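As structure tokens, the structure follows; a few thoughts come after it.
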Number of protein chains: 2
Amino acid sequence: MPVNLKPPVAAELLPVAGVALGIAQAGIRKANRRDLLLIRLDEGAAVAGVFTQNRFCAAPVTVCREHLQAGAIRALVVNTGIANAGTGEPGMQSARATCAAAARLLGCTPAQVLPFSTGVIMEPLPVERIEAGLPASVADLREDNWAAAAEAIMTTDTLPKAASRKVSLGGTAVTVTGIAKGAGMIRPNMATMLGFVATDAAVAPALLRRLVREAADASFNCVTVDGDTSTNDSFVLIASGKAGNAPIADASSADYAALRQAVTAVAGELAQAIVRDGEGATKFMTIEVRGGRDAAECKAVGYAIAHSPLVKTAFFASDPNLGRILAAIGNAGIADLDVSQVKLWLDEVLVSENGGRASSYREEDGARVMKQAEIAVRVDLARGATQATVWTCDFSYDYVKINADYRS
Amino acid sequence: MPVNLKPPVAAELLPVAGVALGIAQAGIRKANRRDLLLIRLDEGAAVAGVFTQNRFCAAPVTVCREHLQAGAIRALVVNTGIANAGTGEPGMQSARATCAAAARLLGCTPAQVLPFSTGVIMEPLPVERIEAGLPASVADLREDNWAAAAEAIMTTDTLPKAASRKVSLGGTAVTVTGIAKGAGMIRPNMATMLGFVATDAAVAPALLRRLVREAADASFNCVTVDGDTSTNDSFVLIASGKAGNAPIADASSADYAALRQAVTAVAGELAQAIVRDGEGATKFMTIEVRGGRDAAECKAVGYAIAHSPLVKTAFFASDPNLGRILAAIGNAGIADLDVSQVKLWLDEVLVSENGGRASSYREEDGARVMKQAEIAVRVDLARGATQATVWTCDFSYDYVKINADYRS
């Protein structure tokens with residue numbers, strides 16, 4: 001039951017010139033479901049990506065990193081069902097075979113294709129099914145196919161996730177559209193399970209590499225469902241250059257700032273959608289930590305709260321058992337934290353100060369906020385001027401059910 | 001439903017000369033339950049403790065640290081129901097008032113009393129109920145009261161936890177007996193929720209401080225239920241000196257080694273009992289990590305596996321979805337880990353090598369081990385000669401239920 005999340009409306013997802021998407025049913029793990037997405041890029045597109053920091057990263061992640069170094073990317077192939085992670089050297093061969101199959105159909109080289117996989121870990125990728133399914137994806141290629149593409153990359157997601165923005169750069173209208181998937185094993189460290197955002201803006205490749213990092217840090221790198229960083233996290237930003245704007249090459253330009261805002265807005269909406277549709281989620285929490293000495297300690301406190309099973313189950317129960325949040329703050333690893341200075345609010349309700357419960361706090365105020373579907377947890381560490389935000393969801397019976405049943 | 005854990009048999013818990021225990025029903029949070037324990041020590045006992053690293057540590061933990069520095073401890077007072085954590089300066093006053101009340105009854109100074117609390121965080125301690133209950137605890141003081149004491153410190157525990165050993169030191173029989181509680185908010189960092197072990201051996205105070213750390217590192221500091229380090233973790237070791245052994249003052253002596261083995265055995269049994277009775281536990285896992293460059297990285301891998309909600313739910317489901325364990329290893333923060341060298345076994349079944357599934361692995365072998373109530377997860381990092389062990393349990397519907405319902 002996703003929290004305040006609606007399926008994207010196909011007509012509201014703006015096509016990006018130079019970016020076509022085709023979907024097929026390849027039967028990779030289950031029959032009769034869209035599980036193979038091909039994204040074809042016109043010549044001249046710039047592509048940049050950020051990937052998981054998990055040491056057991058998937059074979060396609062390793063291949064993506066290689067191919068992005070060479071540049072001149074012409075296609076992305078995405079399959080669901082099997083993650084092709086924990087698959088050793090045979091997994092690398094399967095990822096390369098996927099690229100080769102797409103390259104043959106599109107008339108480019110295998111190094112111009114990026115492969116992506118999501119699904120069960122440590123099972124072999126049935127690459128022959130991908131090869132057999134790709135011609136149908138090619139036949140389906142269309143620029144207005146984003147909604148179907150968002151569906152084709154789902155695993156335990158209950159709803160597809162997509163977002164669009166329009167922005168004017170020096171008088172030229174530019175489009176940014178993206179899709180993502182998530183649900184579980186979500187604690188992106190560089191990026192999310194799978195996120196793809198495309199714009200028709202012209203952007204210098206070096207600047208695009210900066211933009212994808214900045215956008216990830218302000219979106220996918222701020223969310224967590226269960227603290228488990230996936231083996232397959234990949235966030236890719238495509239700039240087709242078809243909009244006709246003056247190519248952006250200066251990070252201090254107004255055009256870069258405007259495009260960054262649009263890309264970050266799309267990525268942020270997708271990242272929040274992943275949390276809203278987190279496995280078993282019934283509540284959406286925004287954890288704002290301010291007053292830190294640096295962003296790292298603010299994030300550490302945010303994640304300590306967001307990862308505590310005791311905090312997450314209290315939110316599920318709508319129980320203002322808020323001492324658990326203090327315990328989580330105390331566990332964030334800040335050795336010299338003066339807890340007597342820490343303040344804690346739920347929305348606008350001051351819960352704790354001076355190391356204990358605020359004298360103004362009334363249980364009924366906490367109970368009222370805890371019943372809401374959207375809750376802000378605000379912490380002031382009172383030791384500096386930086387801040388950070390983490391988005392997360394609660395921990396319910398359904399999280400256990402979904403993950404106990406996932407393979408069966 | 002605790003995993004292979006039986007209630008202690010009162011007759012098997014050996015009294016420790018010089019250590020008397022008294023229990024009362026003080027109605028601290030709920031009526032008609034034993035919730036107040038007094039432990040009285042004869043003059044001359046040595047006491048050492050280790051406490052939580054949580055920055056929001058409870059008021060009694062702060063007072064314990066103060067009083068232990070002065071030494072000459074004569075009593076311990078333990079209440080359940082209210083943790084007296086996140087209670088600011090009023091909480092400190094309540095902890096001190098508890099010590100003063102016990103001191104008046106026993107004829108010692110407040111600084112000779114150690115206070116301990118466990119229960120709900122950020123609620124005020126009803127110190128007047130403790131004061132009213134203490135005379136009944138005094139009237140109940142007996143050296144053969146360990147079983148009732150183990151019961152009196154329970155919160156969400158389903159069974160009391162106690163253990164005893166006898167060891168011969170230079171021909172003198174010495175006893176070690178201890179009790180502990182746990183169940184949730186369990187990821188001890190120095191100690192567990194509450195653990196008390198007493199021996200009648202004579203041990204020099206400085207060496208006792210070393211022994212309590214060594215025993216904690218090999219027992220309570222190896223377990224986790226949910227990764228949440230409590231605000232109240234306390235592990236206290238008492239040496240009454242009544243056994244008549246030659247006082248132990250040399251860490252390299254055979255007597256110290258023998259006593260350390262007995263104390264560690266009692267502490268280890270108690271620590272494992274906490275995991276076996278972990279909230280909602282249906283399985284008990286021993287995670288052995290070897291081949292690390294240092295113990296810290298072995299522990300990091302062990303805890304990454306033990307804390308992953310995806311790994312824990314797979315164990316609950318008896319589903320050999322073992323790629324999740326690889327993902328957890330990859331998330332342990334070892335930046336230069338060569339995953340192609342890592343090996344993973346379930347009991348004796350080799351699951352993974354060369355970065356992927358072992359060619360000898362059969363799903364039915366994994367499924368067979370996953371059905372057991374006790375499972376060894378063995379990891380070889382193949383980069384060094386150190387090892388570490390972590391004990392944990394699975395993650396079930398009942399964990400969510402218990403923690404969603406705890407206060408109601």
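As the structure is a computational prediction, the values presented were derived from the model and not from experiment.
- Annotation: side chain of B/Val342 is in contact with side chain of A/Phe56 (closest heavy-atom distance under 4.5 Å).
- Listed options A/Thr87, A/Val311, A/Leu337 were ranked by heavy-atom pairs under 4.5 angstrom with chain B; first place goes to A/Leu337.
- No side-chain heavy atom of B/Ser340 sits under 4.5 Å from any side-chain heavy atom of A/Glu89.
- Of the two parts of B/Ala304, neither the backbone nor the side chain holds a non-hydrogen atom closer than 4.5 Å to a non-hydrogen atom of chain A.
- Taken to the nearest 0.5 Å, the OH atom of B/Tyr399 stands 13.0 Å off from the OH atom of A/Tyr399.
- The structure places CG of A/Leu310 at 7.0 Å from CD of B/Glu279, a figure rounded to the nearest 0.5 Å.
- Side chain of A/Arg55 to main chain of B/Ala335: a donor-acceptor pair is present (N/O by atom type, distance under 3.5 Å, no hydrogens or angles).
- Rounding to the nearest 0.5 Å gives a distance of 6.5 Å between CG of B/Asn331 and OG1 of A/Thr52.
- For B/Ser308, the parts lying under 4.5 angstrom from a heavy atom of chain A are both the backbone and the side chain.
- Of all heavy-atom pairs spanning B/Ile121 and A/Ala327, the tightest one is CD1-CB, 3.9 Å.
- For B/Val120 against A/Asn321, the heavy-atom pair with the smallest separation is CG1-OD1, 4.0 Å.
- For the pair B/Leu322 and A/Met122, the minimum side-chain heavy-atom distance is below 4.5 Å.
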